[in-house]
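Presented below is the structure to which this report refers.
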There are 2 protein chains.
Amino acid sequence: MDDHLSIGDYVEGLFPQFEPALKQFIKDNGKVKKFTAGEQIMQTGQYMKATIIIAEGRVKLYREGNDGEEFFMYYLQGGNACALSMICATKQETSQVMAKAVDDTTVLMIPIGLMDDMMKQYKTWYYFVLETYRSRFEELLTVIDHVAFKAMDERLYFYLQKQYRELKSTEIKISHAEIASDLNSSREVISRLLKKMEQRGDVVLHRNFIEWLKF
Amino acid sequence: MDDHLSIGDYVEGLFPQFEPALKQFIKDNGKVKKFTAGEQIMQTGQYMKATIIIAEGRVKLYREGNDGEEFFMYYLQGGNACALSMICATKQETSQVMAKAVDDTTVLMIPIGLMDDMMKQYKTWYYFVLETYRSRFEELLTVIDHVAFKAMDERLYFYLQKQYRELKSTEIKISHAEIASDLNSSREVISRLLKKMEQRGDVVLHRNFIEWLKF
DNA sequence: TTAATCATGTGACAAAAGTCACTGTGCAGC
DNA sequence: GCTGCACAGTGACTTTTGTCACATGATTAA
């Protein structure tokens, strides 16, 4: 991770399709903020002051239960924006989700008050926002599919597959306890299902990481 | 239900806040279509040709499982637009959900090709679209909450409460089998949980309808 | 090195949810 | 009035998931 990149460098690298005036606008009005791995970027109930775009790193988006359970929904990474930070932005609403940095993460923040103007002025921004809505909406539908229709063994399989694809590594570095938390299950259940997956030859279990064999 | 209303009447009645030019635009370009109770308005996998706005009646939105299960997500009624029909519209995508008319229903359809222009030309349309995205997004998050964190008894309670509030009647006219289908459960489970709710004094069970007592 | 802690494995049991089989009952159409 | 059918109730059982209690090995901090 390069600490010396300016907001301009990020915008150029992430959004080559943005029109020059929009890039300039973001350079003039946006801010760069850094978070360290594990830190919370958004909290449930917090007011939205800015639209958030992930520049570098990786962020996990959670929905929180009443007793502090953290149900994992999806990842955001370089070039993704938080759809809620755009939607809430326009109405000064509070966040309905929690976002946590997985790696050290850099985000771009654009004050909410500017959203309306940007949407009208910059066609490429308008398309970016619509595409953000669309893809997050679809991800939520996929989440609903899994949790509504699938049993835990299948959900676990999809979960690991997703990790493998996102992180592009066959070594999925995560504990059984964290998987259980993300799926709102319990560690013992996950351990047992993982054992079955190992017997089936889908994975090899190690301490602190899981080796994914289905590529 | 009045069969003699024109598209102009619907627009005036549902969207008084729309600017006159927008109302005129919709009158010129929109179409009215009627569906009878039980009919499907959108099918999973179908291409979106128009943005759909519910004018009269009530529509249930479902996510479909691989074996034809129908998981209920939320209602749309007069003045609501289908968020997906706006999002997909801009990218010529297929529908990810199924919509079924509960009552006889009238919808306004606006060809997708006009969305971009409308967003740019009409401020009140722009706000309407954003508000539609926002509220549907929140509904999906609520659905995820229930299905991820709650047991069936609580989900059933919320389900009935929702029916009561939407339909504004203490007589919820629905069979146990349909509730089971909507919640992706089984009739026997729902029957048993309803019995418990009756013993607790939350409802009174009748043939073909449930009487809601918690107002 | 020696605890203390963390990650995992596992048996036994409990609770929730789903399935099967069968019953009864109200009602619409003949 | 029958007949057939949709709707609802229920006991018995299975499967899935969650919980409790421990055990074991690896890692870390003192």
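No hydrogens, no waters, no symmetry mates; every other heavy atom, side chains included, goes into these values. Just so it is clear, the model here is predicted, and its values are computed rather than measured. Sequence lines set the chain letters: A, B, ... in the order given, protein chains first and strands last, and positions in each chain run from 1.
Here B:Ser191 does not reach the OP1 or OP2 of D:dT10: none of its side-chain N or O atoms lies under 4.0 Å away. Look at A:Lys195 and you won't find any side-chain N or O under 4.0 angstrom from OP1 or OP2 of C:dT10. The side chain of B:His176 places an N or O atom within less than 4.0 Å of a non-bridging phosphate oxygen (OP1 or OP2) of D:dG9.
Comparing D:dT10, D:dG18, C:dG18 by their closest approach to the side chain of B:Glu188 singles out D:dT10. Nearest nucleotide to the B:Arg192 side chain, out of D:dT27, C:dG26, C:dG18: C:dG18. The side chain of A:Val189 lies closest to D:dG18, out of D:dG18, C:dG9, C:dA17.
Taking atom CG of A:Asn184 as the reference point, atom P of D:dT16 lies 20 Å away to the nearest angstrom. Residue A:Glu198 contributes atom CD, which lies 15 Å from atom C1' of C:dT10 at whole-angstrom precision.
No donor-acceptor contact under 3.5 Å links the side chain of B:Arg207 to the base of C:dC27. With hydrogens and angles ignored, no donor-acceptor pair under 3.5 angstrom links the side chain of A:Arg187 to the base of D:dG18.
With hydrogens and angles ignored, the 3.5 Å screen pairs no side-chain donor or acceptor of A:Glu70 with any backbone N or O of A:Glu64.
Each of A:Asp104, A:Asn80, A:Leu167, A:Leu76 was checked for a side chain to side chain contact (heavy atoms under 4.5 Å, CB included) with A:Arg58, and the lone residue meeting it is A:Leu167.
Comparing A:Asn208 and A:Leu193 against DNA chain D, the residue whose closest nucleotide sits nearer the 5' end is A:Leu193.
Within 4.0 Å (heavy atoms only), A:Ser186 reaches at least one base atom of the nucleic acid.
When ring centroids are compared, A:Phe128 and A:Phe18 come within the 6.0 Å threshold.
Between B:Lys173 and B:Glu178 there is no salt bridge, since no side-chain nitrogen of the basic residue lies less than 4.0 Å from a carboxylate oxygen of the acidic one.
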